[in-house]
Amino acid sequence: MRSHYCGQLNSSLLDREVELCGWVHKRRDHGGIIFIDLRDREGIAQIVFDPDRPEPFAIADSVRNEYVLRITGKIRQRPEGTMNKDLPTGEIEVLAQTIEILNKARTPPFQLDDENVADDTRLRYRYIDLRRPQMLHNMRLRARVARILRNYLDEKGFIEIETPMLTKATPEGARDYLVPSRTHAGSFFALPQSPQLFKQLLMMSGMDRYYQIVRCFRDEDLRADRQPEFTQLDIETSFMDETQITAIMEEMIIKLFKEAIDADLPTPFSRMTYAEAIYRFGNDRPDLRNPLELTEVSDLMKEVEFKVFSGPATMPDGRVAALRVPGGAKLSRKEIDDYTNYVANFGARGLAYIKVNDINAGTEGLQSPVLKFLPESIIKLLLERTTAQTGDLIFFGADKARVVNDALGALRNRLAADMNLLQGQWRPLWIVDFPMFEYNEDEKRWDALHHPFTAPQVNTTAELEADPGQCLSRAYDLVLNGIEMGGGSVRINTPDMQRTALRLLGIDDQAADEKFGFLINALDYGCPPHGGIAFGLDRLVMMMTGSDSIRDVIAFPKTQTASCPLTSAPSPASPKQLRELGIKLAKLPKQE
RNA sequence: GGAGUGGUAGUUCAGUUGGUUAGAAUGCUGCCCUGUCACGGCAGAGGUCGCGGGUUCGAGUCCCGUCCACUCCGCCA
């Protein structure tokens with residue numbers, strides 16, 4: 001039916017007869033001559049219809065945008081002065097001999113070259129949206145990424161193994177998507193949040209190296225970089241420690257970026273402890289392209305009269321930190337107010353600042369509502385420590401450390417975006433030495449920072465129990481330009497340690513047996529030391545394509561309320577289906 | 001659960017202090033046009049102003065409720 005793709009035509013094919021199939025991208029009718037830009041997945045070719053051939057000419061006259069055509073014709077050089085440098089096929093054109101309308105098309109709901117179409121319109125007509133070259137490119141890059149990863153892991157001896165989609169609900173973590181069981185009425189499967197336990201079991205089976213490109217499901221609210229179903233590159237190995245695992249993964253990511261988009265990541269990747277990341281950036285996934293850093297000033301503020309600063313400075317869980325913004329003195333009152341409102345999102349009750357109009361003029365050169373509350377000696381130390389220069393602005397956060405870190409960490413990102421501060425292209429970073437647990441104030445118990453199967457850096461249960469809050473884990477995250485690309489850990493591999501870890505999370509032995517008994521049992525039947533990692537494939541592709549939204553790298557994504565405008569999913573179940581499943585609705589859905 | 005922004009022609013948007021027949025661009029339809037590629041020219045069609053209620057002589061505009069989309073907080077081991 002077709003001899004070439006439209007986009008493959010070039011002057012090496014001069015005088016060749018070709019057969020093309022594709023969509024009418026654009027028709028230009030000059031009365032005596034008609035041009036049709038025919039589009040397929042490889043590109044666009046210009047087809048010329050000459051009135052010398054009345055029959056094809058009449059058909060070309062009748063076609064409309066997005067009609068599907070088959071055309072035969074002869075490749076020829078375009079006349080002098082009519083070549084199009086913007087088109088890869090712009091040196092040549094196809095003089096049409098025959099044209100067949102394979103299918104008509106209604107007028108598309110939006111123009112393919114319109115870059116600014118509302119998301120729900122695009123999603124309702126996703127099959128048209130995906131015709132756009134950018135979307136096609138994203139899908140193909142995604143396929144290339146998956147292929148490169150498979151090739152690499154296959155070379156390294158990893159075995160691709162599928163794990164169940166219908167599985168057991170896990171109590172920790174995100175909300176599960178539940179699937180009712182017909183044969184066990186009243187019982188439910190859960191769709192996997194990740195294949196975590198299965199991949200550990202595969203290590204106990206002696207598979208040694210496993211990977212899977214796998215869909216995961218989490219029923220939580222959506223964001224620009226979060227979908228309810230998303231794809232992970234999931235990996236697990238036996239007999240490797242964290243140094244070896246991160247090394248082999250680093251090699252994989254470097255190779256991936258090189259082969260997929262010809263990007264050279266700086267090597268070796270930076271490494272930073274969790275504590276250092278929080279201290280310097282207020283955040284455990286800092287964007288290292290951003291030069292702004294927090295400056296610790298708690299010690300300077302302990303004695304000052306100003307309660308807003310001295311209070312947090314003397315609280316055990318308080319923090320006072322400064323954020324110097326080079327050139328920030330030019331920010332207007334309104335801009336500063338906007339930032340104050342912004343940090344209020346993160347619990348900050350205010351945003352103190354000092355404008356440095358002239359660093360050499362002492363207090364006279366400064367401008368700030370809080371200046372009068374601070375002794376001159378402290379101000380001097382402050383300026384030294386923040387290395388403030390004329391023209392800078394210094395923001396302050398003073399509150400519980402958590403609030404200061406969240407607020408100034410977010411402000412740091414916001415300022416970099418607003419003031420165009422990002423430097424360099426790619427800044428990968430391993431974050432290591434995570435705490436095992438963080439205390440959950442609401443539930444009055446420990447939460448796992450990573451997950452309940454992560455090994456601690458101590459070897460005995462006694463050491464872990466002695467001071468859980470201080471215990472570090474053998475977890476690692478890979479952060480790229482401020483986005484968490486992946487994370488993993490070395491796992492617990494003895495029943496004792498696993499039970500202890502679960503107990504600290506408020507899961508007693510009986511509950512542990514009910515929920516994870518199969519895992520704990522397996523740990524007792526010859527479990528190798530093992531660990532792994534999972535990468536967010538969608539986010540990787542999103543970064544590589546420079547997309548603002550994860551939806552642009554997923555063929556059929558969901559909206560922010562987790563619905564699909566194309567299929568109208570989710571939709572009510574029929575009474576018959578519900579009866580078979582033994583389900584009665586507490587509240588009937590609204591009638592359409 | 002919360003904060004914000006938006007919803008007007010197929011699409012992207014404008015719409016003043018509440019006041020006559022709701023506009024623009026693009027797309028669409030018809031006619032004209034033999035070298036265009038954002039083709040051009042002329043003419044034309046196209047509106048439940050998201051939905052429901054209220055205020056008013058009068059509502060796209062004001063008020064209340066509601067739905068949808070997007071961004072963010074909470075949430076996401």
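Proteins get letters first, then strands, A, B, ... in listed order; numbering begins at 1 in each.
Ion pairing between A/Arg122 and A/Asp552 holds under the 4.0 Å rule for side-chain N and carboxylate O. Looking at A/Arg491 and A/Glu236, a side-chain N of the basic residue comes within less than 4.0 Å of a carboxylate O on the acidic one, giving a salt bridge.
As the counterpart of B/rU11, B/rA25 is assigned, both hydrogen-bonding distances of the Watson-Crick or G-U wobble pattern falling under 3.5 Å. Figure legend. B/rG58 is base-paired to no nucleotide; pairs are counted as Watson-Crick or G-U wobble with both atom distances under 3.5 Å. Nucleotide B/rU66 has B/rG50 as its partner under the Watson-Crick or G-U criteria, with both atom distances under 3.5 Å. Nucleotide B/rC31 forms a pair with B/rG41, judged by Watson-Crick or G-U wobble geometry with both contacts under 3.5 Å. In this entry B/rC75 has no Watson-Crick or G-U wobble partner, no candidate having both defining distances under 3.5 Å.
Under the 30°/60° scheme for interplanar angles, the aromatic rings of A/His451 and A/Phe453 are found to be tilted. Note on ring orientation: taking the six-membered ring where Trp is involved, the planes of A/Tyr274 and A/Phe434 are tilted (angle from 30° to 60°).
Distance check on atom P: B/rA38 versus B/rC33 gives 24 Å, rounded to whole Å.
Nearest to the side chain of A/Arg551, among B/rU12, B/rC37, B/rU71, sits B/rU71.
Contact of A/Glu93 with B/rG35 (side chain to base): a donor-acceptor pair of N or O atoms is detected under 3.5 Å. No hydrogens or angles were tested; on distance alone, a donor-acceptor pair under 3.5 Å links the side chain of A/Asn84 to the base of B/rC37. In the interface, the side chain of A/Arg27 is not paired with the base of B/rG27 through any donor and acceptor atom under 3.5 Å apart. A donor-acceptor contact under 3.5 Å is formed by the side chain of A/Arg78 with the base of B/rC37. Between the side chain of A/Arg64 and the base of B/rG27, no donor-acceptor pair under 3.5 Å is found.
Looking at heavy-atom distances under 4.0 Å, A/Asp50 makes no contact with the nucleic acid at all. Counting non-hydrogen atoms under 4.0 angstrom, A/Asp120 reaches the backbone sugars and phosphates but no base. A/Thr82 comes within contact range of at least one nucleobase, with a heavy-atom separation under 4.0 Å. Within 4.0 Å (heavy atoms only), A/Pro452 reaches at least one base atom of the nucleic acid. If you check every strand for non-hydrogen atoms under 4.0 Å, A/Thr454 touches nothing. Among the heavy atoms of the strands, none lies under 4.0 Å from A/Gln193. A/Pro51 comes within 4.0 angstrom of a nucleotide base, judged by non-hydrogen atoms across all strands. If you check every strand for non-hydrogen atoms under 4.0 Å, A/Leu222 touches nothing. Residue A/Arg539 is classed as having no contact, given no heavy-atom separation below 4.0 Å to the nucleic acid.
Between A/His30 atom NE2 and B/rC33 atom P the separation is 13 Å, expressed in whole Å. As rounded to whole Å, 9 Å separates atom P of B/rC75 from atom CD of A/Glu438. In this structure, OH of A/Tyr125 is placed 11 Å from P of B/rG10, rounded to the nearest angstrom. A/Leu9 places its CG atom 16 Å from the C1' atom of B/rC37, with the value rounded to the nearest Å. Distance, A/Asp86 CG to B/rC37 P: 11 Å, rounded to whole Å. In this structure, CG of A/Asn413 is placed 15 Å from C1' of B/rC73, rounded to the nearest angstrom. Distance, A/Leu123 CG to B/rC68 P: 15 Å, rounded to whole Å.
Side-chain N/O atoms of A/Thr561 include one lying less than 4.0 angstrom from OP1 or OP2 on B/rA69.
For the residue pair A/Arg132 / A/Gln111, no side-chain donor-acceptor distance below 3.5 Å is found, with atom types taken as modelled.
When the options A/Asp508, A/Asp513, A/Thr494 are evaluated for a side-chain hydrogen bond (donor to acceptor under 3.5 Å, both in side chains) with A/Arg499, the one that passes is A/Asp513.
Side-chain atoms of A/Gln193 come within 3.5 Å of backbone N or O of A/Ala174 as a donor-acceptor pair.
With RNA chain B read from its 5' end, the first of the two nearest nucleotides for A/Arg218 and A/Gln560 is the one closest to A/Gln560.
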